Amino acid sequence: MKEKLVYGLIYTISLLPFWCLYFISDILYFLIYYVFGYRKKVVYENLRNSFPEKSTEEINKIARDFYRYFPDLLVESVKMASISEAEVKKRIELLNPEEIYQYIHKGRSVIGVTAHYGNWELAIHSLSIMMNTPELIIYKPLNNKVFNTVHNRIRTRFGATMVPMKQILRHIIKLKNVPHISMFVSDQTPTYQDSDYFMEFLSQDTLVFTGTERIARLTNNPVVYCEIRRKEKRGYYSCKFTTLVEQPSAYPEHEITHIQNRFTEQVIREEPAYWLWSHRRWKRKRRS
């Protein structure tokens, strides 16, 4: 019952036109940044530690730009509950889908990776529409079961299958003879049970997921990055696919993890305001 009520509320709000949602976003920006100071301590600490070379003025500008974009991301994510296929295609431009198709047409499956950068939710819808083969979205279940159910319902509107991280191998084996794409959002904070591997990421010692690499080396499926960029016009994006690794089995342990994280870092450094700085990404430290 709670799931239906929450979904019904989100769906009803999502029916509002974009101009109205962005008016709400403008109000949210004022409240989040100036009134409540939502996670300002976390945001500024993350930024200062990630960019020690930047001045206070530069850090402040990135923070303001992030807080200006963050409510846009919130209302756009709500819109995903009812957005049409035509609107998805209009809002996000796929620059080179042939980078994915080349493998699918050869009968190979693809390990897709992206980050919490730009509107990754819109990219999930776009990828679902683009593919005529199965799309698995690998996710870390939320602690709140109601929002987890609602979130998954929205993400699967165009045919994607949500797969908890711990079940990915089972699903890939099930589809071993069917070309498909498994999509990982790989910049989350793993638990110590999920990973014990640290590397430098954004100037900090960072615990990183190695699951994408393990699956890639096991299956020898190519690893392709989905790079989402925000366009100048509000609510519009582009997505560029880049093959990071074509034959994963030929790479030594941890090298693929380094390659994908370095690529993510490069994307963030070029336009830092569109990464999720309010996330407590560095709460895990090395255990002695």
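The structure presented is a predicted model; accordingly, all values stated were derived computationally and were not measured.
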Going by heavy atoms in the side chains, are Trp282 and Asp205 under 4.5 Å from each other?
no

Spatial distance of atom CG (Asn49) from atom OG1 (Thr206) [nearest 0.5 Å]
10.0 Å

Between the main-chain N or O of Val267 and the side-chain N or O of Trp275, is there a donor-acceptor pair closer than 3.5 Å?
no

Check: Thr156 side chain, Gly159 main-chain N or O, donor-acceptor pair, under 3.5 Å:
no

Take Tyr274 and Asn119 through the side-chain contact (heavy atoms from CB on, under 4.5 Å) test and state the conclusion after the steps.
CA-CA 9 Å; Tyr274 304 126; Asn119 192 332; over 6 Å; no

Kindly determine whether Ile83 and Phe18 satisfy side-chain contact (heavy atoms from CB on, under 4.5 Å), including the steps that lead there.
CA-CA 10 Å; Ile83 193 170; Phe18 270 101; 4.2 Å; yes

Taking Asn46 for its side chain and His279 for its backbone only, find out whether a donor-acceptor pair lies under 3.5 Å.
yes

Examine Met165 and Ile173 and state if one hydrophobic cluster contains both, with Ile, Leu, Val, Met, Phe, Trp and Tyr joined whenever side-chain heavy atoms are less than 4.5 Å apart.
yes

In terms of side-chain geometry, is the basic nitrogen of Glu87 or Lys89 positioned less than 4.0 Å from the acidic oxygen of its partner?
no

Scan the side chains in residues 217-224 for donor-acceptor partners under 3.5 Å anywhere in the protein, sequence neighbours excluded, and list what turns up.
residue : atom : partner : partner atom : Å
Arg217  : NE   : Tyr251  : O            : 3.4
Thr219  : OG1  : Ile215  : O            : 2.8
Thr219  : OG1  : Asn221  : N            : 3.3
Thr219  : OG1  : Asn221  : ND2          : 3.1
Asn220  : OD1  : Ser249  : N            : 2.9
Asn220  : OD1  : Ser249  : OG           : 2.9
Asn220  : ND2  : Gln247  : OE1          : 2.8

Short side-chain to backbone donor-acceptor contact, Asn60 and Thr56, under 3.5 Å:
yes

Can you tell whether the side chains of Lys79 and Glu76 come within less than 4.0 Å, N to carboxylate O?
no

Under the rule for side chain to side chain contact (heavy atoms under 4.5 Å, CB included), what residues qualify as partners of His180, not counting sequence neighbours?
Ser109, Pro134, Leu136, Ile172, Leu175, Ser182

Group every Ile, Leu, Val, Met, Phe, Trp and Tyr by side-chain heavy-atom contacts under 4.5 Å, then state whether Tyr236 and Val78 land in the same group.
no

Is it the case that over 12 heavy atoms from other parts of the model lie below 6.0 angstrom from the CZ atom of Phe23?
no

Matching residue for Glu213 among Ile259, Ile256, Ile111 - test: side chain to side chain contact (heavy atoms under 4.5 Å, CB included):
Ile256

Glu57 with Lys61: basic N within carboxylate O range, under 4.0 Å:
no

Looking at OH of Tyr237 and CZ of Arg91, how far apart are the two atoms once the value is rounded to the nearest 0.5 Å?
9.5 Å

Indicate the atoms forming the closest heavy-atom contact of Leu94 with Met130, along with that distance.
CD1-SD, 3.6 Å

Take Thr264 and Asn261, measure what side chain to side chain donor-acceptor pair (under 3.5 Å) needs, and give me the verdict at the end.
CA-CA 5 Å; Thr264 298; Asn261 279 283; 5.4 Å; no

Minimum side-chain heavy-atom gap Arg286-Leu207 below 4.5 Å:
no

Would you call the rings of His116 and Trp120 parallel, tilted or perpendicular if under 30° counts as parallel and over 60° as perpendicular?
perpendicular

Could you tell me whether the side chain of Ser238 reaches within less than 4.5 Å of the side chain of Lys231, counting heavy atoms only?
yes

Just so I know, are the side chains of Glu85 and Val88 near enough to count as touching, which here means a heavy-atom distance under 4.5 Å?
no

Heavy-atom side-chain contact between Ile181 and Thr133 under 4.5 Å
no

Just by modelled atom types, is the Val185 backbone N or O under 3.5 Å from a matching donor or acceptor in the Gln188 side chain?
yes

Could you check whether any side-chain N or O of Ser14 sits under 3.5 Å from a backbone N or O of Tyr11, counting only pairs where one atom can act as donor and the other as acceptor?
yes

Straight-line distance of Arg262 CZ to Glu255 CD, nearest 0.5 Å:
12.0 Å

Are the side chain of Gln204 and the backbone of Phe201 linked by a donor-acceptor contact shorter than 3.5 Å?
no

Please determine whether the number of non-hydrogen atoms from other residues, nucleotides or ligands lying under 6.0 Å from atom CZ of Arg68 exceeds 12.
yes

Work out which heavy atom in Asp72 is nearest to a heavy atom in Ser25; give both atom names and the distance.
OD1-OG, 2.5 Å

Could Asp26 and Arg234 be called an ion pair, given the rule that one side-chain N must be under 4.0 Å from one carboxylate O?
yes

Test: Lys41 and Glu45 ion pair at under 4.0 Å:
no

Between Phe70 and Leu276, does the side-chain contact (heavy atoms from CB on, under 4.5 Å) criterion hold? Intermediate values first, please.
CA-CA 8 Å; Phe70 182 59; Leu276 198 60; 3.8 Å; yes

Non-hydrogen atoms of Arg39 and Ser278 that approach each other most closely:
NH1-O, 2.8 Å

Nearest atoms (heavy-atom pairs only) where Pro272 meets Phe51:
CB-CZ, 3.9 Å

Do Arg230 and Tyr69 meet the cation-pi criteria used here (NZ or CZ under 6.0 Å from the six-membered ring centre, within 45° of the axis)?
no

What distance do His171 atom NE2 and Leu169 atom CG have between them, rounded to the nearest 0.5 Å?
11.0 Å

Which value, rounded to the nearest 0.5 Å, describes the distance between Arg269 atom CZ and Leu202 atom CG?
5.5 Å

Glu99/Thr243 under side chain to side chain donor-acceptor pair (under 3.5 Å): CA gap, chis, key distance, verdict
CA-CA 7 Å; Glu99 189 72 14; Thr243 298; 2.5 Å; yes

Go through the steps for His105 and Tyr101 under the test ring-ring contact (aromatic ring centres under 6.0 Å, His included), then give the verdict.
CA-CA 6 Å; His105 293 162; Tyr101 292 148; 5.7 Å; yes

With a 4.5 Å heavy-atom cut-off, do Leu28 and Val75 have their side chains touching?
yes

Taking every non-hydrogen atom, the tightest pair across Pro190 and Arg284:
O-NE, 3.0 Å

Arg157 side chain vs Met80 backbone, donor-acceptor pair below 3.5 Å
yes

Arg155 versus Ala160, closest heavy-atom pair with distance
O-CB, 4.0 Å

Is the shortest heavy-atom distance from the side chain of Glu121 to the side chain of Ile124 under 4.5 Å?
yes

For Phe209 and Gln260: C-alpha separation, side-chain torsions, deciding distance, then whether side-chain contact (heavy atoms from CB on, under 4.5 Å) applies.
CA-CA 11 Å; Phe209 275 114; Gln260 83 180 46; 5.9 Å; no

Main-chain N/O of Phe241 paired to Asn96 side chain as donor or acceptor, under 3.5 Å
yes

We want to know whether Tyr7 and His151 form a side-chain donor-acceptor pair, criterion being a heavy-atom distance below 3.5 angstrom.
no

Are side-chain heavy atoms of Lys40 and Tyr33 found at a separation under 4.5 Å?
yes

Check the orientation of Tyr29 and Tyr34. Use parallel for under 30°, tilted for 30 to 60°, and perpendicular for over 60°.
perpendicular

Is a side-chain donor or acceptor of Thr189 paired with a backbone partner of Arg281 at a separation under 3.5 angstrom?
yes

